[in-house]
2 protein chains.
Amino acid sequence: MTMADVAHEAGVSVASVSNFLNKQPYMSEAMAARIAEAIDRLGYKVNSSARNLRSGRTRLLKLVIPDLRQVYFSELAEDILAEARQHGYGVIVESTTNNRARELESIASMGTHSADGLILSPLMMTVDDIAALDGDYPLVLLGERLFGVNAPHVVIRNREGAAAATYHLLDAGCRRIAVVGAVPHPEHDFSSGSIRTHGYREALAARDIPCDDSLLIETQGWGSADGLAAVDTMLESGLQFDAVFALNDLLAWGVLRELRERGVAVPDDVRVIGFDDVEESAYMVPSLSTVNPGREAIARLAVESIIQQVESGSRAPAQTIEAPYSLSLRESSPALACA
Amino acid sequence: MTMADVAHEAGVSVASVSNFLNKQPYMSEAMAARIAEAIDRLGYKVNSSARNLRSGRTRLLKLVIPDLRQVYFSELAEDILAEARQHGYGVIVESTTNNRARELESIASMGTHSADGLILSPLMMTVDDIAALDGDYPLVLLGERLFGVNAPHVVIRNREGAAAATYHLLDAGCRRIAVVGAVPHPEHDFSSGSIRTHGYREALAARDIPCDDSLLIETQGWGSADGLAAVDTMLESGLQFDAVFALNDLLAWGVLRELRERGVAVPDDVRVIGFDDVEESAYMVPSLSTVNPGREAIARLAVESIIQQVESGSRAPAQTIEAPYSLSLRESSPALACA
DNA sequence: CTGAAAGCGCTAACAA
DNA sequence: TTGTTAGCGCTTTCAG
């Protein structure tokens with residue numbers, strides 16, 4: 001079943017059928033009608049391989065993320081899928097399972113023209129790898145900062161978001177805010193963890209409050225089990241604190257659970273705030289206050305940039321596109337009544 | 001940069017380059033070496049659009065699921081991605097956001113040969129829609145049963161899994177097992193909810209224990225907020241129960257949290273068991289016992305079936321492939337000591 | 001406004 | 001063992 005069959009059925013040329021399908025202007029009503037009718041009489045569908053070869057486009061994007069099992073990424077992926085769909089693009093999703101070699105493979109596969117553009121959330125790549133991103137194909141980087149790549153970055157305002165959370169807690173009168181999941185001694189200087197920790201420090205500094213490093217609690221990972229363990233450690237060591245800023249929502253879930261377990265009232269004794277504004281956080285008990293990193297905006301901005309690049313036929317220059325953050329204040333640290 | 005360039009560079013014919021790339025036998029070492037060298041001197045990559053058109057294959061699968069934000073599906077998707085990858089296939093992921101029209105669109109798009117096969121998790125489609133699945137392209141259905149479709153189904157053993165959970169609780173001495181998320185009066189007869197409820201009833205019946213319908217607690221949705229609300233209702237109505245079987249893990253999370261809130265000890269006063277064995281469930285406090293529906297096996301079986309269909313060149317006949325389930329017993333309802 | 005024809009880059013049948 | 005060649009089905013000039 002090819003276009004030639006349709007052309008024959010309608011008694012017109014293949015070119016006309018193609019024009020009809022691609023909504024070219026200047027076609028008589030009559031011909032359009034006949035073609036339309038032939039198409040659905042025959043149940044014709046264009047063959048995308050042929051179209052792709054000829055047009056040099058696939059209307060497919062490649063999304064490469066570290067791990068779909070992490071809520072943050074699955075929600076991000078869902079948003080990106082929706083946005084791409086609106087623009088008429090499909091998405092090939094690849095999970096690198098936190099594996100550098102996989103990240104590089106996914107990038108290399110862009111050479112085959114199987115997708116029109118790449119949205120990459122790099123996690124394990126290092127500066128040594130950025131040469132792999134050379135090329136003229138449409139590319140957008142997400143999240144973690146990777147310097148020296150000649151492409152747009154859509155980033156979370158980690159520093160500002162963390163600072164905003166901290167200001168909020170300070171405004172609520174908290175003075176000993178523990179940071180769960182902190183990176184007190186930045187190694188990979190630009191991980192979300194260290195930037196968020198930095199934002200916290202900055203907010204304290206702006207208010208002339210000294211930062212007590214014993215409040216910076218490092219954790220093994222960033223799952224709820226780690227949040228829970230952190231609270232145990234804090235309580236057992238006799239640490240004094242009147243708020244917890246967990247650097248992601250999963251940590252915060254564990255924190256909430258363990259505080260309750262230990263009979264610490266939230267938010268009365270201790271306020272708790274997270275980061276990510278994952279869907280399920282709104283349904284915790286108490287519901288979790290958290291920093292909304294603008295996931296939907298990230299999805300939208302990333303897809304828009306990629307598509308603009310696809311349409312312009314070349315990669316956009318390096319630039320940083322910041323997504324708007326906001327605080328989603330819920331029961332674990334309610335908004336302040338106006339004074 | 002085409003194959004002709006490589007051929008020219010290596011001083012051979014395009015056919016030889018193609019043979020080399022497709023690992024045909026019968027090629028002299030010398031020629032292979034020269035081609036290999038030319039390829040990486042030029043940094044050549046095959047153009048997949050051209051290959052796809054010519055070969056009639058894309059080495060792409062389409063995965064259509066209701067919602068990536070639901071943990072169950074994001075974990076399933078991750079497993080399917082991994083499995084497909086092992087077989088050298090990429091995956092176009094589409095989320096239907098619980099929307100019947102989207103499901104139908106995704107199916108219709110198979111006509112364009114943009115993917116070699118479809119793995120579909122139908123949710124909103126009805127028997128009226130199954131004609132849309134007619135065709136000869138490789139297809140595997142996941143989860144919810146859809147009768148009359150001429151393709152393999154990979155299914156969870158909902159009934160058996162639910163019965164196993166129930167037997168486990170009965171063996172532990174529980175006699176009043178509340179079912180949260182139950183479907184007491186099946187409407188869509190073959191939803192997971194009603195089958196699991198059925199499995200529960202069946203287990204009671206097998207032990208000659210009458211089923212008290214007041215223990216079947218319906219919920220609005222299947223999120224943790226619903227589980228929480230269910231416990232409130234149960235407690236407030238004075239319902240007596242010594243165990244809760246939540247029909248999915250999210251419900252169970254809410255149940256655990258609210259029981260703790262109300263001072264009900266788990267598992268001492270009330271045992272709790274869920275269904276899905278989602279990753280995060282192992283990190284709840286107490287850690288959640290749950291039915292492992294064999295997600296990895298589902299991913300493997302689905303991908304294997306699709307690929308076998310792709311390779312055989314046509315759709316496999318209707319058949320039901322059941323994934324092995326098991327109980328993941330953790331703190332919320334520990335395994336029984338041997339008597 | 002419509003049609004004829006030239007490929008897009010590759011694979012596979014066939015010839016050598 | 002290697003090379004020649006005919007398309008795969010479509011889009012897109014360009015002529016009519």
Side-chain angles (χ1 to χ4, degrees), chain A residues 1-36 38-39 42-60 88 109-116 137 310-311 313, chain B residues 1-36 38-39 42-60 88 109-116 137 310-311 313:
Chain A
M1 176 63 46
T2 76
M3 228 163 75
D5 298 323
V6 176
H8 183 254
E9 174 81 10
V12 302
S13 73
V14 290
S16 295
V17 178
S18 176
N19 283 341
F20 173 81
L21 257 14
N22 296 293
K23 312 205 192 306
Q24 295 295 326
Y26 312 130
M27 169 168 292
S28 65
E29 295 287 322
M31 173 162 289
R34 291 172 57 195
I35 295 176
I39 284 178
L42 267 44
Y44 169 79
K45 294 268 171 46
V46 306
N47 176 317
S48 38
S49 295
R51 168 176 283 180
N52 294 347
L53 172 59
R54 186 56 231 235
S55 67
R57 299 265 168 89
T58 61
R59 297 199 80 80
L60 242 28
S109 77
M110 288 306 293
T112 66
H113 300 277
S114 50
D116 292 343
Y137 59 85
V310 171
E311 278 166 6
Chain B
M1 176 59 49
T2 75
M3 229 163 76
D5 298 324
V6 176
H8 183 255
E9 174 82 10
V12 302
S13 73
V14 290
S16 295
V17 179
S18 175
N19 283 340
F20 173 81
L21 257 14
N22 297 293
K23 311 203 191 310
Q24 294 296 324
Y26 313 131
M27 169 168 293
S28 66
E29 294 287 322
M31 172 162 289
R34 292 173 57 196
I35 296 177
I39 285 177
L42 268 45
Y44 169 78
K45 293 267 171 49
V46 306
N47 176 316
S48 39
S49 294
R51 170 177 281 181
N52 294 346
L53 172 58
R54 186 54 233 231
S55 67
R57 299 267 168 87
T58 61
R59 297 199 78 81
L60 243 28
S109 77
M110 288 305 293
T112 67
H113 300 276
S114 50
D116 292 344
Y137 60 85
V310 171
E311 279 166 6

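So that the names make sense, note that chain A is the first sequence line, chain B the second, and so on, each numbered from 1. Note that the structure is predicted; figures quoted are calculated from it, not measured.
Residues passing the side-chain contact (heavy atoms from CB on, under 4.5 Å) test with Ser109(A), sequence neighbours excluded: Lys62(A).
Put simply, CE on Met3(B) and CD1 on Ile35(B) are 9.0 Å apart, with the number rounded to the nearest 0.5 Å. Atom CG of residue Asn22(A) and atom CG of residue Asn19(A) lie 7.5 Å apart, to the nearest 0.5 angstrom.
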Could you go step by step and tell me if Val17(A) and Val12(A) meet the side chain to side chain contact (heavy atoms under 4.5 Å, CB included) rule?
-> CA-CA 8 Å; Val17(A) 178; Val12(A) 302; 3.9 Å; yes

Could you walk me through whether Asn52(A) and Leu60(A) pass side chain to side chain contact (heavy atoms under 4.5 Å, CB included), step by step?
-> CA-CA 10 Å; Asn52(A) 294 347; Leu60(A) 242 28; 5.8 Å; no

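Between Arg51(B) and the phosphate of dT11(C), there is a side-chain N or O to OP1/OP2 separation shorter than 4.0 Å.
Among the protein residues, Met27(A) comes within range of the sugar-phosphate backbone only, with heavy atoms under 4.0 Å from sugar or phosphate atoms but none that close to a base. At a threshold of 4.0 angstrom between heavy atoms, the contacts of Asn22(B) are confined to the sugar-phosphate backbone, with no base atom among them. Tyr44(B) comes within contact range of the sugar-phosphate backbone alone, with a heavy-atom separation under 4.0 Å but no base atom that close.
For DNA chain D, the contact window with chain A, defined by any atom under 4.0 Å from a protein heavy atom, covers dG9(D) to dT12(D) in 5' to 3' order.
Atom-to-atom, CZ of Phe20(B) to P of dA12(C) comes out at 17 Å; the value is rounded to the nearest Å. Nucleotide dG9(C) holds its C1' atom 17 Å from the NE2 atom of His8(B), rounded to whole Å.
Proximity of a side-chain donor or acceptor of Ser48(A) to a complementary backbone N or O of Arg51(A) within less than 3.5 Å is not detected.
Leu21(A) and Val46(A) get closest at one heavy-atom pair: CD2-CG1, 3.6 Å.
Among the candidates Met27(B), Arg34(B), Met31(B), the single residue satisfying the side chain to side chain contact (heavy atoms under 4.5 Å, CB included) test with Phe20(B) is Met27(B).
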Give the B/S/- string for nucleotides 3-8 of chain C, one per nucleotide from 5' to 3', where a protein heavy atom under 4.0 Å of the base yields B, of only the sugar-phosphate yields S, and otherwise -.
-> BB-BBB

